[in-house]
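Everything below concerns the one structure shown next.
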Amino acid sequence: MEDRAKVIFGNTISAADYRAACASKERFVKKFGSDADVTYRAELKENEVIGPVFGVKDVRVTKENTPGHKNPAGGDAGKASPVSPDTEPGNDGFDTEKGIIIGNIRMGFGHYRIAMAMASCAHALGYQPYWMDLNSYPETACTKVISEQNRLYSMGSRISQKSALFNKVVWEPVNYEGFRKLSYNASDQKNAEIMAPVYSGIPKDIPVIGTHVWPAQAALHAGMKYVVDAIPDNWPMALHLAEGAVHTVQTHFAYQGYRVLNGMNGREVLKPMPAGSLLYTGHYVDDELVRNIEQDCEARIRRKKDGRPMRFLLTVGGAGAQQAIFAAVVRALLPAVREKKAVLYVNVGDYRDFWFDLVHSVPGLEEVSEKHFNNWKNTTAFCRHALDGEVEGVHAFWHEDIFEAVYCTNLLMRSADVLVTKPSELSFYPVPKLFIHRVGGHEKWGAIHSAEIGDGTLECDDIPHTLQMADMFMNDRDFLAQMCENIVRNKKAGIYNGGYEVVRTAFRLKNKEDR
């Protein structure tokens, strides 16, 4: 097989950078082992959280001949308990006509949320989404490698929020320029070879959408035929390249930067990505959010005109950072909450301690809060009620299940007036947004794009400017309404149709070859 780390879109990687890439892989192999000679079987399991919403089934992998798993030809492969009744053993459980793999990883919440958008749109278009989280197979070398990198990234994110020096000298440069280099992509390509075996039990002609580059790269190394690499960020970085896949981007700015591999080897003019390897699709957004844009924006404008409490949704990212900013926002808005001029939704994801730290930092918060903790039935009932009913006070949400932790924000988004978030994957969602300070330099371009199309604020670099923007939403007559009107216009222009277009692209690849 061609070594994808030596030449990237016709651009030769230096011998030193290639040796470094090989060394990176060898370090992981030495630490976590290699599954190069392992064959994994794929099984399908019902997803209890997002399965009922848009038909998702989880892909689980186990080694061939693992004790306790039934042999598809009949009999038991071992002496332990048989397969759980909610699994479908063997490749014959996959729908090879309508099925599509949503390849993702748990690294923060962003890639999970984008994967949910793809699954939602696939379901809406009549396809069967299969959820494949490469960070959820703890017995595999694949997951061990990803988990280690996730641990380091999360730690760096949290330190960057506490140390201005670390953020300036280490974190911003790594996220902004380090991930931008072709040499970084070369290392990722070698590391992704370790991840490829988890695809060994997947039928090769099922399309794959990678919502992080590693699931896309690993799928290509494993010989999957139809791979789409859904690039999340608006700042072009070689980190996100998976040569052999069709790459998709959410903005025209990103398209131009990726097409010419702008700045990915210093000032060198590189050979561009070939025509057809990169497509602009628009924003990756869930079907249920796109479908209800007009209705939800009309409700926001109506609440503002009627003088009803303004609803702020504060959502904590998967790294659990930015506690000081959220505490300042909650502290500033708490008087308005008591006066029934504001409502706060606070989703701390799966970081329960974040909520307790917030309560400790904001005197009086506990007394006006209702906790929706680890009770998905209660959370979904609240979200349904909030669409048309009256809401007051502070509502806190925490769920230890990762699907519930992430999807909770999506459910709350429809009835919220303002989403308070760092400029991450949520930059592209069709809800008025107040952007707090970023975590990593690459994120700032999400806020810039959102401000330019009119559905979000400028990025607020510090707490005083964040509070100024909150005051604008609360007290300016037209600020919120203008954003809502822009969101409706953006929908008519197709800006939020990216999820559908990525799924269609995957099946166009498959259907073109099938003909």
Side-chain angles (χ1 to χ4, degrees), residues 113 117 234 250-251 282-286 288-317 325-326 329-330 332-333 336-337 341-347 383 386-388 391 395 408-438 443-444 446-460 465-493 495-496:
R113 196 180 316 281
N234 195 29
Q250 302 187 80
T251 73
H283 299 184
Y284 312 143
V285 182
D286 311 63
E288 56 271 26
L289 292 171
V290 177
R291 185 164 23 93
N292 289 292
I293 280 175
E294 293 88 351
Q295 174 184 335
D296 295 343
C297 283
E298 181 183 346
R300 293 177 185 117
I301 293 172
R302 186 169 59 250
R303 282 193 292 269
K304 179 70 174 177
K305 286 183 176 178
D306 293 346
R308 290 152 67 189
M310 177 162 284
R311 302 169 177 188
F312 291 86
L313 166 57
L314 286 68
T315 180
V316 176
I325 300 176
F326 280 109
V329 172
V330 173
L333 290 174
V337 170
K341 295 179 180 178
V343 170
L344 299 183
Y345 304 159
V346 183
N347 180 22
C383 292
L387 285 173
D388 300 311
V391 181
H395 295 267
C408 176
T409 291
N410 292 41
L411 293 178
L412 291 167
M413 211 181 296
R414 286 196 56 201
S415 70
D417 295 318
V418 182
L419 173 62
V420 181
T421 178
K422 67 188 182 77
S424 57
E425 84 287 349
L426 288 168
S427 305
F428 302 95
Y429 274 68
V431 57
K433 294 171 288 288
L434 192 171
F435 290 119
I436 63 177
H437 190 57
R438 61 186 177 268
E443 290 187 340
K444 75 176 184 179
I448 290 170
H449 171 72
S450 178
E452 286 180 336
I453 65 171
D455 67 0
T457 69
L458 303 170
E459 179 188 358
C460 299
H465 286 92
T466 302
L467 300 183
Q468 179 192 42
M469 282 296 188
D471 185 72
M472 287 289 290
F473 278 111
M474 284 286 296
N475 297 312
D476 186 272
R477 187 181 63 181
D478 300 320
F479 198 63
L480 177 75
Q482 288 173 354
M483 280 194 192
C484 290
E485 291 161 2
N486 292 336
I487 289 169
V488 172
R489 280 193 290 267
N490 292 341
K491 179 184 177 179
K492 292 177 181 177
I495 285 176
Y496 304 118

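By convention here, the first residue in the shown sequence is residue 1.
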- Query: Would one find more than 12 heavy atoms of other residues, nucleotides or ligands at under 6.0 Å from atom NZ of K341?
  - Reply: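 No - once you tally the heavy atoms of other residues, nucleotides and ligands closer than 6.0 Å, there are 12 at most.
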Over all heavy atoms of both residues, which pair between [X] and [Y] is shortest? Give the atoms and the distance, please.
X	Y	result
H449	H283	NE2-NE2, 2.8 Å
L314	V329	CD2-CG1, 4.1 Å
N410	R113	OD1-NH1, 2.7 Å
S427	S424	OG-O, 2.8 Å
A451	T457	CB-O, 3.9 Å
G456	M483	C-CE, 3.5 Å

In residues 303-310, what donor-acceptor pairs under 3.5 Å come from side-chain atoms, sequence neighbours left out?
| residue | atom | partner | partner atom | Å |
| --- | --- | --- | --- | --- |
| R303 | NE | D417 | OD1 | 3.1 |
| R303 | NH2 | S415 | O | 3.2 |
| R303 | NH2 | D417 | OD1 | 2.8 |
| K304 | NZ | F473 | O | 3.0 |
| K304 | NZ | M474 | O | 2.8 |
| K304 | NZ | D476 | O | 3.4 |
| R308 | NE | E390 | OE2 | 3.4 |
| R308 | NH2 | E390 | OE2 | 3.1 |

Hey, what do you get for [atom1] ([X]) to [atom2] ([Y]), rounding to the nearest 0.5 Å?
X	Y	atom1	atom2	answer
C297	R302	SG	CZ	11.5 Å
L411	D286	CG	CG	9.5 Å
I487	Q482	CD1	CD	12.0 Å
L467	L333	CG	CG	7.5 Å
R414	E288	CZ	CD	8.5 Å
K433	L426	NZ	CG	8.5 Å

Could you check whether any side-chain heavy atom of [X] comes within less than 4.5 Å of a side-chain heavy atom of [Y], counting everything from C-beta outward?
X	Y	answer
E443	E459	no
C460	I436	no
M469	F479	yes
Y496	L289	no
T315	Y345	no
I301	L480	no

Donor-acceptor check, side chain of [X] to backbone of [Y], threshold 3.5 angstrom: yes or no?
X	Y	answer
Q250	N234	no
N490	N486	yes
R300	P432	no

- Would you please say whether a donor-acceptor pair under 3.5 Å links the side chains of D455 and Y429?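 The criterion, which ignores hydrogens and geometry beyond distance, is not satisfied for Y429 and D455.
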- D296 and N292: side chain donor to acceptor below 3.5 Å: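 The answer is no; no qualifying pair exists.
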